[in-house]
Structures are given as C-alpha cells and as structure tokens.
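Residues take their numbers from the sequence shown, with the count starting at 1.
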Amino acid sequence: MSPFRCAIGCGLAIWLLSSSIAPAQENVPRIGYVYPAGGQRGTTFRVTLGGQYQSLNEILRVHFSGSGVEARVLESKPLTEADVRALRDRVTQLTRGKPDAQSLREAAAIQRTLVRHMSAQLRRQTHPAISETVSLEVTIRPDAEPGRRELRIETPRGISNPLRFYVGVLPEFREQEPELVVQGPDYASPVRYPATVTTDVTLPAVANGQIIPREPDMLRFGPDQFTPGDADRYRFSARKGQRLVIAAAARELIPYLADAVPGWFQATLALYDAQGRELAYADDYRFHPDPVLLFEVPEDGQYVVEIKDAISRGRPDFVYRITMGEVPWITSIFPLGGPAGAQTAVELAGWNLPRTKLTVDTRGKAAGVLPLAARRQDLASNTVPFAVDTLPERLEQEPNDAPPRAEAVTLPVIVNGRIDRPGDWDVFRFEGRAGHEVVAEVVARRLDSPLDSVLEVTDAAGKRLAFSDDHPDPADALRTHNADSLVRLTLPADGAYLVRLGDAQRQGGPEYAYRLRISPPRPDFELRVAPSRIHGVSWRLAPVTIYALRKDGFSGEIALGLRDAPEGLLMQGGLVPEGQDRVRVTLAIAPWLSFEPLPLCLEGRATIHGREVV
C-alpha cells in the first residue's frame, strides 16, 4: 500500500478563481522567506514575510498547518516619493546654520529612515523574488503542539507556496541589529554601521536572525555600493562540564533559492571564548548542510557563537534559527528500524539524553518511516528516522567479516547491522535457485547513518555477479549524495550466494548502522504531484504533472483518480502508461464550485502479481 497524503500544506490543493480575474493567475502569491521562522508557544510576536505578488490589502487569510497558531496582517505603508521629499526638506531645515544637539539628533534619525527606505528600494531591484514585504502578528497558543508547521498566505489570486515555520518551547531571542551611525551633521554626510553587535542570550534558547548585506552608504556613494553580508554573534554564560548543543537551521528552513549562486544559504558556526579564541567550528553536520556544534564547556565563563555565510554573502532570505543549550541530541540509533506490529528495543547515543534505550511500539502503525525523538522533561531532541517494514527481521551476528564466516540468512529478510570498525565487511550467505530474481538493498544514509555503502553479490566461489556503490532514489532527490546501494540480479544456478557489505571510504564505528534487505523483488510505486497547488478558473483546464516513483522493476500502468472529489471537478488523462514515470493530466472545473481552497487527494491503482495496490 502506497499512501498519498493530501491536505493544504502537504498534498495537492486547488484554488478556484472567478473567470473575471483569470489574467491575474500569473501573479499568484509567492513567499520567499518568513522571519522569524518560528516562535515560542504562549507568545505573540511580529513576523515579516518577503515575496512577490502579495499586497497588504489583498491578503485574505494566513494558513498554518496544524492547530494553535494564528496570524493577522498588520498595516504598514512604505514611504511615498512625497514622503521622501518632505523628509529631505526637514533634514535641510534642521541642519541649516548652527543646529543644536536636539536638531542634529532628529536629523540623524531621519537620515537613518531615508537610508532604510533606499536600501529597501535597492533590494527590490536586486532581489525581485523577495521585493515585497508583509508584516504579520503571530499568536501561538500555550497548548500548541511543538514542531514543524507550514505557512501559506491566501489572496484573491490564489494560495502561496508553503514555507516552514516552527513552534518551540524554549525562550526565543532575535539578533540585535546594529544602529546606523551618522558621521556628520549635514545630509551629505556618510551613514555607516558600527562594528558587529553581539546579542546577549540566556541558555537554553533559540536565536533568530538574518544574514543581510551591510547597508550601502547610499547618501554619499549611491545605491550600488554594497559591502558583504554581516556576521551575527550571540554571547552567553556557561559552566564547566556543560555539554552544549548548538544547532543551526538554515537550509532546513529554505532548502533552495532559485536566484542565488549557489542556490542556498550555507551557514557556518564558530564558538569563541571571552578572549576571542576560536574553540570550535562547523560548516555542516555529517552529510547535512546545516552546522551543529557539540561542545563540552572547559571552564566557567562567557562564550560567543557566531553565524555567517560560508562565502560572506548576505540576503534578507538568509534566515536562520539556532538552538543552544543542554538540550537532548541524538547522534545515532540502533537498529535503524523494526518490524511492523511489534515492539523494538532501540539503543540511543547522543548528548544530554535522559536514557540510552528506548522501546519503539509499531503496533497499529503502517510500514514506512517514523520520526523518532527522545524527551527530557518538556524538551524534545532532534528527530531521526526509524524504518518500519513487514518483512522478517534479524540482527547481524558477528563475526561475519569474511566468506568463511558468512552469516547464513533465509530469504526474505531484513538484517540490521553495523560496520562497527574501519575497514570492516559484513558477509551474508543465502541459498538460491536458478532463474529466481533477488534484490539486495542497503538503507543507511536515507536513515541518517553516515555509512557510504558498497554492495557486492558473488557466487560461492567468489565470482562477482553484481556490484553497487551509489544508487539514486527519486523519492529522496533533495540529498546531494546518494550513498545507499541496490542490486537486482537473476540467479544463474542453484546453490549458495554471498552478499558483502562495507563502507566505500573504509570508515566504521558504532554509528555506521544499516538495514540490508535481501528478498525477491517487491514491485510497488509512490506518487508525487507538481505543482502542489493549482489555481483553477471555471470552465478552463488546469494542467498537473503526476510522477510515478517505481520500485523493484514495477513497470505496469497506473490508473489515477481523485478520491472523494466534489461534483463538478473532473480529471482528464488519468493514466500513467506502462513503462513511463510521469503523465500530464488536466482538471476540469465547473463554475458552481465555491471559490475556496479545496484539498484534494490523488489516488493511484495498479495490479501487481494479481492483486490491486492503491
């Protein structure tokens, strides 16, 4: 069974438009960033959205997935040209002759306002995808469930793309922006930023900020003078022996920026002591692009964490959240999964964990991947994936590092094991029959294991029959390196066969865990939809592309349909032909359907080995 989730925010949604505003479809609202990208439950705070094709007068609603989070639009009008002229005239009046101190202070404040206005105008020209901004007041109820949400805005032109927004339990801080300094009393005097400002925080906490360009000295040099992006610094007190977790979220918030080179914010973290000595640095966490520092405090005192872009850029959509403190953090688990309908004992390794073992109960849970976290009082750790499957499972038995000591297994099976030392190999033996097809698949990197697997299948004499290093998984396409292995082969003769599994870099350790499936093929499919939202017009056809992610050689046709669709909404062309992985369909929309967001559920049906798979 391949479930396809559907709802606004995580599936396919349609927004029906009146035919009288059909040309406005080109201006469907798009959100480029939200700052801050989350908040503490039980608080109300101001949020800025940057994007395109959105107007303060046009936003009808703000949608958050889940419950307990609400927002309203705040009115704020940008300066008009008349406002700018009036402010310039006021500066001239205040600085004429021999102005007193109060006049100079007022003139300086106006200069700062003008610089910010011109900087905003320049950003509109430089980054049109985030040229428009909207301010919201967000309220998170005290009983809101912590975790990740999705935010969208709704206008008469449609519903925007989703952006990630987090509900947290820790106190939240915002970076302290440096104040513009005027270097002279006259209007032509330069305006500059002082040295980087450090924001004081109390642990545990979440720090929110943006890595933005230093403001140009436009009053003197013109609007094309930019300096590189800034670096944000946070100062905190810590005690000797504390095991601190400092984890940044940047790519996690906005995975891809279409108009940036490279197309993402690559955050770096550095930790300094009170004397300015660098104690730790990270620009990633294993194969994840967002950096994490795991640091044991050597002595009582004050420390500073700094975040910036790896190549010193700055943009308003370089938004981040840094979780800091003695918070729980899972570095690895074993095993990486367990059988459906059972309880599995899982070993935990990490920092500040309340326990080192956890029982995962999968009774009543469908096969798939579950998020697993550890809790210490009201603090939850990072989530790690835990796989659930219906095949028989077993734990690897050492020693099995060479063909003479190969571990015997009976197919089908999932083996949970570890490459527990550098250069280790795990070898398994199974009996096969001529003409039977066998699949051997490693799932490790897709479950957050650092293992970069290589897989080899040989006959009993050691003759190589199949080999795999990296095997791409279209369902996991956002990863920059497909490190899991998969082979399919038809057995040439009756007899014993060996499966050898190791690490491509000859690395190893307790965290190098894997799940090895050896079984006959399990043909199946999943579905994906692009775009995730459709802006339809009555009596017109809305195009949609549906992708079939085929597994283990399944190539049959897939019949498509909308489950529980309202009368007046029809899908045309609902069939993925045999051997193809995508199809373009259209939705026909009747005029009597209400002009409201409508969640849709797409369903695919195929016959595999004589049974219907949905």
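Take F165 and apply the ring pair (Phe, Tyr, Trp, His ring centres under 6.0 Å) test, not counting sequence neighbours, and it matches F64. Legend: residues meeting side-chain contact (heavy atoms from CB on, under 4.5 Å) with A37, ordered by chain and number and at least two apart, are V34, L253, V319, R321. Scored by the side-chain contact (heavy atoms from CB on, under 4.5 Å) test, S381 finds P328, I330, A373, A374 as partners (sequence neighbours excluded). Applying the ring pair (Phe, Tyr, Trp, His ring centres under 6.0 Å) criterion to Y166, with sequence neighbours excluded, gives no partner residue. Evaluation of the ring pair (Phe, Tyr, Trp, His ring centres under 6.0 Å) rule for F265 yields F318 as partners, not counting sequence neighbours. With sequence neighbours left out, W351 forms a ring pair (Phe, Tyr, Trp, His ring centres under 6.0 Å) with no residue at all.
Residues T44 and E137 approach most closely at CG2-CG, 3.5 Å, considering heavy atoms. Taking every heavy atom of both residues into account, S449 and F287 meet most closely at O-CE2, 3.3 Å. Nearest heavy atoms, R149 versus S67: NH1-O, 3.0 Å. In terms of heavy-atom proximity, R46 sits nearest to S135 at NH2-OG, 3.3 Å. Between A270 and L293, the shortest heavy-atom contact is C-CD1, 4.4 Å. Across G32 and L163, no two heavy atoms sit closer than the pair C-CD1, 3.8 Å.
To the nearest 0.5 Å, the span separating CD1 on I31 from CG on L151 amounts to 5.0 Å. Note that the OG1 atom of T48 and the OH atom of Y35 stand 8.5 Å from one another [nearest 0.5 Å]. Atoms CD1 and OG1, from I211 and T268 in turn, are 8.5 Å apart once rounded to the nearest 0.5 Å. Note that CD of Q40 and CG of L170 are 7.5 Å apart. Values are rounded to the nearest 0.5 Å. Rounded to the nearest 0.5 angstrom, S103 OG and K98 NZ are separated by 14.5 Å. In this structure, I307 CD1 and I322 CD1 are separated by 4.0 Å, a value rounded to the nearest 0.5 Å.
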May I have the step-by-step check of side chain to side chain donor-acceptor pair (under 3.5 Å) for E326 and Q242, ending in yes or no? CA-CA 7 Å; E326 287 187 289; Q242 283 187 294; 3.0 Å; yes
Show your working on side-chain contact (heavy atoms from CB on, under 4.5 Å) between E106 and R90 and close with a plain yes or no. CA-CA 9 Å; E106 183 180 345; R90 179 60 177 162; 3.1 Å; yes
Let me see the working for D200 and F173 under side-chain contact (heavy atoms from CB on, under 4.5 Å), right down to the final yes or no. CA-CA 9 Å; D200 289 312; F173 293 81; over 6 Å; no
Would you check, one step at a time, whether the test side-chain contact (heavy atoms from CB on, under 4.5 Å) holds for S237 with Q302? CA-CA 4 Å; S237 296; Q302 289 195 325; 3.8 Å; yes
Under the criterion side-chain contact (heavy atoms from CB on, under 4.5 Å), I'd like the reasoning laid out for V134 against I153: C-alpha separation, chi angles, the key distance, then a yes or no. CA-CA 10 Å; V134 180; I153 62 169; 5.8 Å; no
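Side-chain contact between Y303 and L244 is absent, with no heavy-atom pair separated by less than 4.5 Å. Two residues are said to be in side-chain contact when any heavy atoms from C-beta on lie closer than 4.5 Å; I311 and P262 meet this criterion. Looking only at side-chain heavy atoms (C-beta outward), P99 and L94 stay at 4.5 Å or farther from each other. V245 has its side chain out of reach of T323: every pair of non-hydrogen atoms, C-beta onward, lies at least 4.5 Å apart. In this structure the side chain of E172 never reaches within 4.5 angstrom of the side chain of T43, judged on heavy atoms.
Atom CD of E278 has more than 12 heavy atoms from other residues, nucleotides or ligands within 6.0 Å.
Although no hydrogens or angles enter the test, the distance criterion places a donor-acceptor pair under 3.5 Å between the side chain of R41 and the main chain of A144. Remark: side-chain polar atoms of T139 are not paired, donor with acceptor, to backbone N or O of E70 under 3.5 angstrom. Judged purely by atom type and a 3.5 angstrom limit, N352 uses its side chain to pair as donor or acceptor with the backbone of R243. Looking at T331, its side chain does come within 3.5 Å of a backbone N or O of A349 through a donor-acceptor pair. At distances below 3.5 Å, at least one donor-acceptor pair connects side-chain atoms of Q266 with backbone N or O atoms of P289. Side chain of T199 to main chain of Q176: a donor-acceptor pair is present (N/O by atom type, distance under 3.5 Å, no hydrogens or angles). Between the side chain of R375 and the backbone N or O of L379, no donor-acceptor pair lies under 3.5 Å. Checking side-chain atoms of R235 against main-chain N and O of V304 turns up no donor-acceptor pair under 3.5 Å. With hydrogens and angles ignored, the 3.5 Å screen pairs a side-chain donor or acceptor of Q210 with a backbone N or O of P316. The backbone N or O of P291 lies less than 3.5 Å from no partner atom in the side chain of D283, so there is not a single donor-acceptor pair.
Side-chain N/O atoms of T92 and D89 include no donor and acceptor closer than 3.5 Å.
Using a 4.0 Å cut-off between a side-chain N of Lys or Arg and a carboxylate O of Asp or Glu, D259 and R315 qualify as a salt bridge. Between R233 and E306, at least one side-chain N (NZ, or NE/NH1/NH2) sits under 4.0 Å from a carboxylate O, which counts as a salt bridge. With respect to D300 and K240, no salt bridge is recorded, no charged nitrogen being found less than 4.0 Å from a carboxylate O.
Under the side chain to side chain donor-acceptor pair (under 3.5 Å) test applied with Y320, the options D232, N208, D309, D290 reduce to a single match, D232.
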